Amino acid sequence: GAGVSQSPRYKVAKRGQDVALRCDPISGHVSLFWYQQALGQGPEFLTYFQNEAQLDKSGLPSDRFFAERPEGSVSTLKIQRTQQEDSAVYLCASSFSGGRGAYNEQFFGPGTRLTVL
Amino acid sequence: AQKVTQAQTEISVVEKEDVTLDCVYETRDTTYYLFWYKQPPSGELVFLIRRNSFDEQNEISGRYSWNFQKSTSSFNFTITASQVVDSAVYFCALSERNAGGTSYGKLTFGQGTILTVHP
C-alpha cells in the first residue's frame, strides 16, 4: 500500500542487545516523526526530521537512543544496550511538509512492538 | 509545557447511543492545532479531525462532531449513533511549534479513552 510501513512489527530483545527499527514514510513526505507508546498510555514524541535534518530530538530518553534519516526518506531508530523500560510500541509518522504555513496531518505506521526481556 | 488531559479512562455504551469524549489542554502558544485520533486494536493511529486555535466554530462531519472552547481550553469529541466498529482507544492531541520555533510538528497526546460499544 501507499501508507507508512514499519519493520519489524514485533521485536524481542534480551537486555543489553542493540536493536534497529525501520520506518518507510509515505513517498514525498518531508517530515518524519518517531513516537514511543508505553502500554496503556498515549504516544510520546521522540524525534523529528525534516528531510534528512533532525530538527528536534528533545524527546529521546537517553543517549542510548539514536535516529537517522540519511537520504531524507527511510529512517532508522536505534536503541543501544536495551533495558526493560524500553519495552513499548514505537510509532513512526510522516507528513507532507514541515515548514511554515498550513499544518499537514501526520499519517502513522502500524508500529513496532519491542519487548525487552 | 504543553499538556493534554483526557479524564475519562474508559467509556462503555450500547450501540446507537451518543457518546462524548472529553479533552482539556494546556499551552502557552497562541497558535496551535488540536486533533482527535482513533487507535483500533490493530494499533495504527487513524486521524479523525483537526481544529486550529483561530477557529472556534464547531462542526459536524458525518457522525462526528466537536466542541472547541478556548475559554475553558476544552476540545470535546462526540460520536452520534455509536456503532460497534467505533470501539477503539481515542486520543486527543495538541500540536505546537517545535523546539526551534520554526514549524508545527510534534504532537502531545492525552492518555487516551477506551471506548467500548456493545451491540
Side-chain angles (χ1 to χ4, degrees), chain A residues 1 3-6 8-10 23 25-26 29-51 53-60 67 88-114, chain B residues 1-10 21-25 27 29 31-55 61 88-114:
Chain A
V4 178
S5 61
Q6 293 185 245
R9 289 294 312 277
Y10 302 90
C23 172
I26 294 172
H29 277 196
V30 168
S31 294
L32 187 145
F33 304 82
W34 284 98
Y35 294 86
Q36 180 190 57
Q37 186 175 19
L39 187 64
Q41 301 296 316
E44 292 191 357
F45 171 80
L46 293 176
T47 188
Y48 161 58
F49 290 86
Q50 186 175 57
N51 295 307
Q54 189 175 20
L55 299 186
D56 187 351
K57 53 182 181 179
S58 61
L60 295 176
V89 175
Y90 291 85
L91 295 166
C92 176
S94 69
S95 68
F96 181 67
S97 70
R100 298 176 188 268
Y103 183 92
N104 297 111
E105 55 261 33
Q106 296 176 30
F107 295 86
F108 283 81
T112 295
R113 182 177 296 277
L114 174 64
Chain B
Q2 60 273 26
K3 185 178 178 182
V4 177
T5 302
Q6 295 178 248
Q8 303 151 309
T9 305
E10 290 190 55
L21 309 179
D22 297 334
C23 174
V24 175
Y25 63 92
T27 177
D29 255 356
T31 303
Y32 51 89
Y33 289 84
L34 293 162
F35 303 81
W36 278 96
Y37 279 87
K38 172 182 178 181
Q39 189 173 44
S42 62
E44 195 161 329
L45 280 163
V46 177
F47 166 78
L48 296 176
I49 57 173
R50 175 185 73 203
R51 174 59 62 197
N52 71 54
S53 54
F54 290 106
D55 185 358
S61 176
V89 183
Y90 288 80
F91 291 98
C92 179
L94 166 70
S95 177
E96 301 171 293
R97 299 175 195 275
N98 68 5
T102 57
S103 67
Y104 296 96
K106 119 185 178 182
L107 293 171
T108 298
F109 287 86
Q111 43 282 61
T113 297
I114 302 171

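Labels below follow one simple rule: chain letters A, B, ... track the order of the sequence lines, proteins then strands, and each chain is numbered from 1. Quick caveat: nothing in here was measured; it's all calculated off a predicted structure.
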Problem set entry | Test item: B:Y37 and A:Q106 side chains (from C-beta on) under 4.5 Å apart, heavy atoms |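 Yes, side chains in contact.
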
Exercise. Considering only heavy atoms, which portion of A:L46 lies under 4.5 Å from any heavy atom of chain B: side chain, backbone, both, or neither?
Worked result: neither

Exercise. Which region of A:Q37, side chain (C-beta onward) or backbone (N, CA, C, O), has a non-hydrogen atom less than 4.5 Å from a non-hydrogen atom of chain B, or is it both or neither?
Worked result: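 Side chain only.
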
Exercise. Nearest heavy-atom pair of A:F45 and B:L107: which atoms, and what distance?
Worked result: CB-O, 4.2 Å

Seminar exercise, completed: Heavy atoms of A:P43 and B:L45 approach each other most closely as CG-CD1, 3.8 Å

Exercise. Partners of A:Q54 by side-chain contact (heavy atoms from CB on, under 4.5 Å), sequence neighbours excluded?
Worked result: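 Residues passing side-chain contact (heavy atoms from CB on, under 4.5 Å) with A:Q54: A:T47, A:F49, A:K57, A:L60, A:A67.
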
Exercise. For B:Q39, is it the side chain, the backbone, both or neither that has a heavy atom under 4.5 Å from a heavy atom of chain A?
Worked result: side chain

For this session: Inspect the surroundings of CD in B:Q8 and state if more than 12 heavy atoms from other residues, nucleotides or ligands are less than 6.0 Å away.
Result: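 For B:Q8, atom CD is crowded (more than 12 foreign heavy atoms under 6.0 Å).
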
Problem set entry | Gap between atom NZ of B:K106 and atom OH of A:Y48 - 0.5 Å precision | 12.5 Å

Problem set entry | Ring centers of B:F109, A:Y35 separated by less than 6.0 Å | yes

